[in-house]
Amino acid sequence: MIEIREIKTIEQLEQVQQLELNVWGMSAIPLHQTLTAVKNGGIVVGAYQEDKLVGFSYGFAGFREGKSYLCSHMLGIDEKYRSLGIGEKLKYEQRAIAIERGYDLMVWTFDPLETRNAYLNLSKLKGICYTYIENCYGEMQDGFNKGLPSDRFEVSWHLTSDYVVNDITIEVADAKPVASCELTKQGLLCLKMTENFEFVEEFYTLPVPKDFQALKAQNPSLALDWRFKTRTILKQLFSAGYAAISLQQRECYNEYVLVKKAALNLEGAF
């Protein structure tokens, strides 16, 4: 039985530090920083099995362009407890607390080629992405990020919008792919771009690997090729007013679904 509850004390935040070390293998956020964030609009929630912390989500107060929001900076889950829906539970508890405290927007980042995260953030939680940040955190040395620019999607989760509250599904018909996939001689998936693409359709799809970490381990140069090509395409789509709203799972690959952001009727967007 996993229990989700808010984290407030020094002792609890020390447990978060230890879990950070276990998950990422790098130095944890200083205790004085997380404690100060909790006392000033930040929200940390933990997933517990009895008294053992097995997952957490950490966020702090943000402000941009006249808009306050919760910046959900980290979500980590013990390796033994992944794929159990804990990340989704942590996010929903964070959302409930955020609404109680007056927030109507939460933002966070994730690697657009890590499609497990994309499925949770977009398809399940109903977050959307329309901001692409190149090399967001610089050169990172942990196992997930080493060797690649740390490009990130910024998720916007409009906490009290009809789109989120009523779990609205956008009906996508005749979506046009903006690129295609083919196999290398080694049987690995590569992306083939379309030249002189014009963004005039209502919906588009973009293929991405099912398991980017496995592809990266087998062929780092191909992983870098995926990074640069998807970066180019996604930045063009976002500049043209599109937003990524879901991740669909296909037989050999996954694909992002993108629609015109204006069609979502969201208030308070950056």
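- Nearest heavy-atom pair across L234 and P112 is CD1-CB, 4.4 Å.
- In this structure, the side chains of L19 and F56 come closer than 4.5 Å at one or more pairs of heavy atoms.
- Put simply, the side chain of S123 gets close to the backbone of L247: a donor and an acceptor are under 3.5 Å apart.
- For the atom pair Y253 OH and L191 CG, the distance stands at 10.5 Å (nearest 0.5 Å).
- With sequence neighbours left out, the ring pair (Phe, Tyr, Trp, His ring centres under 6.0 Å) criterion links F110 to F153.
- No hydrogens or angles considered: a donor-acceptor pair under 3.5 Å links the side chains of Q12 and T9.
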Take V16 and T34 through the test side chain to side chain contact (heavy atoms under 4.5 Å, CB included) and record every step on the way to the result.
CA-CA 10 Å; V16 170; T34 53; 5.9 Å; no
TODO: Please report the C-alpha distance between L35 and I10 in whole Å, then the side-chain angles of each, then the deciding distance to 0.1 Å, and finally whether the side chain to side chain contact (heavy atoms under 4.5 Å, CB included) criterion is met.
DONE: CA-CA 7 Å; L35 183 62; I10 292 175; 3.8 Å; yes
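- Residues L258 and Y256 form a side-chain contact, since some pair of their non-hydrogen atoms from C-beta on lies under 4.5 Å apart.
- For D111 (side chain) and L113 (main-chain N/O), a donor-acceptor pair under 3.5 Å exists by modelled atom type.
- In this structure, M74 CE and E20 CD are separated by 4.0 Å, a value rounded to the nearest 0.5 Å.
- Under the 3.5 Å distance criterion, the side-chain polar atoms of K261 are left unmatched by any main-chain donor or acceptor of Y130.
- The salt bridge (Lys or Arg N to Asp or Glu O under 4.0 Å) analysis of residues 95-110, with sequence neighbours excluded, yields the pairs E6-R101, K67-D104.
- The two residues I233 and A179 make their nearest non-hydrogen contact at CD1-CB, 3.9 Å.
- The main-chain N or O of G138 is found under 3.5 Å from a side-chain atom of S150 such that the two form a donor-acceptor pair.
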Exercise for the section: Check step by step if side chain to side chain contact (heavy atoms under 4.5 Å, CB included) holds for S156 and L105. Expected result: CA-CA 7 Å; S156 293; L105 177 66; 4.2 Å; yes
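- For E93, the salt bridge (Lys or Arg N to Asp or Glu O under 4.0 Å) test picks out no residue, with sequence neighbours left out.
- A heavy-atom distance below 4.5 Å is not found between the side chains of V23 and I77.
- For the pair L122 and C129, the minimum side-chain heavy-atom distance is below 4.5 Å.
- Every salt bridge (Lys or Arg N to Asp or Glu O under 4.0 Å) that R231 has, sequence neighbours left out, goes to E134, D151.
- Not a single donor-acceptor pair under 3.5 Å links the side chain of R5 to the backbone N or O of V45.
- Under 3.5 Å, the side chains of S72 and Q94 contain a donor-acceptor pair of N or O atoms.
- Atom SG of C252 sits about 7.0 Å away from atom CG of L183, to the nearest 0.5 Å.
- In terms of modelled atom types and a separation under 3.5 Å, the side chain of K176 and the main chain of V200 share no donor-acceptor contact.
- Linking ILVMFWY side-chain heavy atoms closer than 4.5 Å, directly or via other members, places I170 and V257 in a single hydrophobic cluster.
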*Please walk me through it: do Q213 and E114 pass side-chain hydrogen bond (donor to acceptor under 3.5 Å, both in side chains)?*
CA-CA 8 Å; Q213 288 299 320; E114 295 292 347; 2.6 Å; yes
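- Taking the side chain as every heavy atom from C-beta outward, E255 and V208 never approach each other to under 4.5 Å.
- Atom SG of C181 is separated from atom CZ of R250 by 11.5 Å, given to the nearest 0.5 angstrom.
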Trace of the side-chain hydrogen bond (donor to acceptor under 3.5 Å, both in side chains) decision for N219 with S221: CA-CA 6 Å; N219 192 326; S221 62; 2.7 Å; yes
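- Of the N and O atoms on the side chains of N117 and T115, not one donor lies less than 3.5 Å from an acceptor on the other residue.
- Between the side chains of K126 and S161, no donor-acceptor pair of N or O atoms lies under 3.5 Å.
- By the salt bridge (Lys or Arg N to Asp or Glu O under 4.0 Å) test, E14 pairs with no residue at all, sequence neighbours left out.
- Listed by first then second residue, pairs satisfying ring pair (Phe, Tyr, Trp, His ring centres under 6.0 Å) with a partner in residues 170-202 read F197-F199, F197-Y204, F199-Y204, not counting sequence neighbours.
- A side-chain donor from one of Q49 and Y81 sits under 3.5 Å from a side-chain acceptor of the other.
- No donor-acceptor pair under 3.5 Å is formed between the side chain of W108 and the backbone N or O of L75.
- Minimum interatomic distance between I4 and A47 (heavy atoms only, all atoms of both residues): CD1-CB, 3.5 Å.
- Remark: K229 pairs with D225 by the salt bridge (Lys or Arg N to Asp or Glu O under 4.0 Å) rule, at least two apart or across chains.
- In this structure, the separation between CG on D211 and CG on L189 is 12.0 Å, given to the nearest 0.5 Å.
- Relative orientation of the Y132 and F238 rings is tilted, given thresholds of 30° and 60° on the angle between their planes.
- With rounding to the nearest 0.5 angstrom, the CD atom of Q248 is 9.5 Å from the CG atom of N254.
- Under a 4.0 Å N-O distance rule, the pair E202/K260 does not qualify as a salt bridge.
- T109 and E154 are not linked by any side-chain donor-acceptor pair at a separation below 3.5 angstrom, with hydrogens and angles left out of the test.
- In the displayed structure, N40 atom CG is contacted under 6.0 Å by more than 12 heavy atoms of other residues, nucleotides or ligands.
- Both L31 and W24 belong to a single network of hydrophobic side chains, linked directly or stepwise wherever heavy atoms of I, L, V, M, F, W or Y lie under 4.5 Å apart.
- Using a 4.5 Å heavy-atom threshold, the side chains of C190 and L222 count as touching.
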What's the verdict on side chain to side chain contact (heavy atoms under 4.5 Å, CB included) for V155 and I128, showing C-alpha distance, side-chain angles and the deciding distance? CA-CA 6 Å; V155 181; I128 63 173; over 6 Å; no
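- Between D174 and F203 there is no side-chain heavy-atom pair separated by less than 4.5 Å.
- Note on residues 43-53: no pairs pass salt bridge (Lys or Arg N to Asp or Glu O under 4.0 Å), not counting sequence neighbours.
- The ring pair (Phe, Tyr, Trp, His ring centres under 6.0 Å) search around F228 returns none, not counting sequence neighbours.
- Grouping the Ile, Leu, Val, Met, Phe, Trp and Tyr side chains by contacts below 4.5 angstrom, directly or via other members, places I133 apart from Y137.
- Every residue two or more places apart in sequence or in another chain was checked for a ring pair (Phe, Tyr, Trp, His ring centres under 6.0 Å) with Y103, and none qualifies.
- Residues passing the side chain to side chain contact (heavy atoms under 4.5 Å, CB included) test with L120, sequence neighbours excluded: E88, K124, L125.
- The stretch residues 28-43 participates, sequence neighbours left out, in no salt bridge (Lys or Arg N to Asp or Glu O under 4.0 Å) pair at all.
- By the 4.5 Å heavy-atom criterion applied to side chains, W157 and V164 are counted as neighbours.
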